[in-house]
**Student:** 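One structure follows; several queries about it will come next.
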Amino acid sequence: MDPLIDRGEYAALAYCTYLNQASLGLIPRTSVEASVRFLTDVAQHGNLRLSDQAEARVLDGLRTAAAELLGAPVSSVAVVGGASEGLGQLAALLASAGGEVVLVPSDFPSVTYPWLAAHGRLGMGIRWVRDTPDHDLTLSLGDAISERTTVVCVSAVQYATGSQIDVAAVVARARDVGARVVVDVTQMAGAAPVTMTHWGVDALVCSGYKWLSAPAGVALLAMTEDLAAATPVIVGWKGSATPFDFTPQDLTLAADARRFELSTMSYSAAMGLLTSIKLLTGVGLTAISEHASQLAADLAEQAAPLGWAPYRALGDRSASGHIVSLRHPAATAGDVQAALARQHNISTSSRSGGIRVSLHAYNSSHDIRVLAQALASVSPP
């Protein structure tokens, strides 16, 4: 199976087999060029090329592209500096002294840390739901939601195991008790379709530098109309309805999610993200998801005789098709990951006791064969 995106678009693939997208993702050449072009223009010409009016509109194209990517209205989208910023803003809005949040203890820390802070600051309750291979994660989350639950905050796909939830089902269960749902789609957007409106979630957050293949320094925040109308706990000058009017004694926030945008940010990273989104949506997110799922099935088949198995069976509803965490009963993941890199020039990650293989549009059947051959040489007998 050939890659969906020409491998020449990604410079790093010239010297290694890259199966580590879910860490620091590769950036397409065209996206790098867009970022550098913007940065160079501002560096050499400053406000001669970037007037106040132009800066006020500089993120408009990205908001529009992000709305299409996330299946959300444009008015619901804010461009922020990082996923942690967006998750922190949402937690600050939704945390309460008498509330309880449902979390996954092995989730990425940016998802859980704001709620740990709310627990320490307000005494907000926390209900932990473990991600285990013998339980459907969606059902486990649903079972944990109770009349005490006020918020569910979870990643759509778990970064370490590849476990995936049925977001719409979690939302439906949360609505039974009047709870809000915040979903981090960092490990899904760019690898599979995302739809805020269909899912019915209250908010989505997504980093730009992972599956969306953009530079660090930019992320996306999308939220329902009522949340977008709330006053952010942290307010910046760019959240004004007319930021370049400079009215320090009069707080007039934007009428939509733009009020959550804080300040001058990495516009060059935003230009790279816009270019990457156009590239990925042009290929088609369903096609990318199906491509990765087929590669994952090939990987599971070729790795099985070597004693390696996915954290979840790939036919499991709770298994994603683009992040596969391979486990071996006698192998130490960190040692195997290091050996793959050192001896075979294969880039993977070791996370939570597994070798995490992240499959994207630029990967191919050849990558899977190379990885399987390398695992044969470094696996325990």
Side-chain angles (χ1 to χ4, degrees), residues 18-27 66 69-71 80 82-87 90 103-113 129 131 133 137-138 141 152-168 170 181-196 199 201 203-214 216 218-222 273 276-277 280-281 285-286 288-293 295-296 299 310-312 314 316-326 347-352 354-363:
Y18 197 84
L19 296 161
N20 196 27
Q21 174 69 30
S23 287
L24 289 173
L26 298 176
I27 304 173
L69 172 81
L70 299 176
V80 295
S84 292
E85 178 185 324
L87 288 161
L90 292 166
L103 302 171
V104 174
S106 53
D107 215 329
F108 197 76
S110 60
V111 178
T112 62
Y113 280 1
V129 176
D131 171 19
L137 185 55
T138 298
L141 288 166
V152 179
C153 187
V154 64
S155 292
V157 175
Q158 294 293 307
Y159 82 104
T161 63
S163 295
Q164 179 170 307
I165 64 169
D166 181 338
V167 178
V170 172
V181 179
V182 175
V183 177
D184 186 329
V185 293
T186 295
Q187 306 293 350
M188 175 178 277
V194 170
T195 171
M196 175 181 170
W199 288 342
V201 296
L204 295 179
V205 178
C206 186
S207 291
Y209 67 88
K210 295 196 177 184
W211 294 92
L212 291 181
S213 304
V218 61
L220 303 173
L221 168 63
L273 176 56
S276 288
I277 289 175
L280 294 169
T281 55
L285 296 173
T286 298
I288 291 173
S289 176
E290 292 173 349
H291 175 78
S293 294
L295 292 178
L299 173 60
Y311 183 75
R312 292 181 182 274
L314 295 183
D316 189 327
R317 180 178 73 148
S318 288
S320 69
H322 55 278
I323 297 180
V324 180
S325 178
L326 292 175
S347 177
T348 61
S349 287
S350 57
R351 294 286 188 268
S352 299
I355 299 298
R356 188 185 63 189
V357 178
S358 303
L359 301 164
H360 209 354
Y362 50 67
N363 290 119

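Remember, predicted model here, so these are calculated numbers, not experimental data. For reference, positions follow the sequence shown, starting with 1.
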**Student:** Could you tell me which non-hydrogen atom of Leu359 sits nearest to which non-hydrogen atom of Trp211, and how far apart they are?
**Tutor:**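 In this case the closest contact between Leu359 and Trp211 is O-CZ3, 3.2 Å.
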**Student:** Got a donor-acceptor contact below 3.5 angstrom from the Ser289 side chain to the Leu285 backbone?
**Tutor:**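 Not confirmed, Ser289 side chain does not pair with Leu285 backbone.
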**Student:** I need the minimum non-hydrogen distance between Val324 and Pro310, along with the two atoms involved.
**Tutor:**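 It is CG1-CB, 4.0 Å.
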**Student:** Provide the closest heavy-atom pair for Ser155 versus Val111 in the form atom of the first, atom of the second, distance.
**Tutor:**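 Scanning both residues completely, I find the closest heavy atoms to be OG-CG2, 3.6 Å.
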**Student:** Between His322 and Ala192, is there a donor-acceptor pair closer than 3.5 Å when you use the side chain of the first and the backbone of the second?
**Tutor:**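 No; judged by distance alone, with no hydrogens or angles, the pair does not exist.
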**Student:** Can you name the closest pair of heavy atoms from Trp199 and Pro193 and give their distance?
**Tutor:**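 Looks like CZ2-O, 4.4 Å.
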**Student:** Please enumerate all residues that pass side-chain contact (heavy atoms from CB on, under 4.5 Å) together with Ala66, with sequence neighbours excluded.
**Tutor:**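 With neighbours one apart ignored, the set is Val77, Leu220.
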**Student:** Do Leu137 and Gln164 come close enough that some side-chain heavy atom pair is under 4.5 Å?
**Tutor:**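 No - every pair of side-chain heavy atoms lies 4.5 Å or more apart.
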**Student:** For Thr161 and Ser163, indicate whether the former's side chain and the latter's backbone hold a donor-acceptor pair under 3.5 Å.
**Tutor:**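 Pair found, side chain donor or acceptor close to backbone of Ser163.
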**Student:** Short question: side chain of His291, backbone of Asn363 - any donor-acceptor pair under 3.5 Å?
**Tutor:**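 Here the side-chain-to-backbone pair exists.
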**Student:** For the backbone of Ala160 and the side chain of Ser352, can you confirm whether one donor and one acceptor N or O come within less than 3.5 Å of each other?
**Tutor:**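 Flag not set: sc Ser352 to bb Ala160 has no pair under 3.5 Å.
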**Student:** Which heavy atom of Cys153 sits nearest a heavy atom of Leu103, and at what distance?
**Tutor:**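 Closest approach of Cys153 to Leu103: O-CD2, 3.4 Å.
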**Student:** So does Asp166 get a backbone contact from the side chain of Thr138, meaning a donor-acceptor N/O pair under 3.5 Å?
**Tutor:**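 Indeed, once roles are kept as given, a pair shorter than 3.5 Å links the two residues.
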**Student:** Say whether Arg356 and Ser350, considering side chains only, have a donor N or O and an acceptor N or O under 3.5 Å apart.
**Tutor:**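 Not at all, the side chains of Arg356 and Ser350 share no donor-acceptor pair under 3.5 Å.
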**Student:** So which atom in Thr186 and which in Ala83 form the shortest heavy-atom distance, rounded to 0.1 Å?
**Tutor:**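 Taking every non-hydrogen atom into account, OG1-CB, 4.4 Å.
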**Student:** Establish, from distance only, whether the side-chain atoms of Asp131 and Ser106 form a donor-acceptor pair under 3.5 Å.
**Tutor:**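 Side chains of Asp131 and Ser106: no pair found under 3.5 Å.
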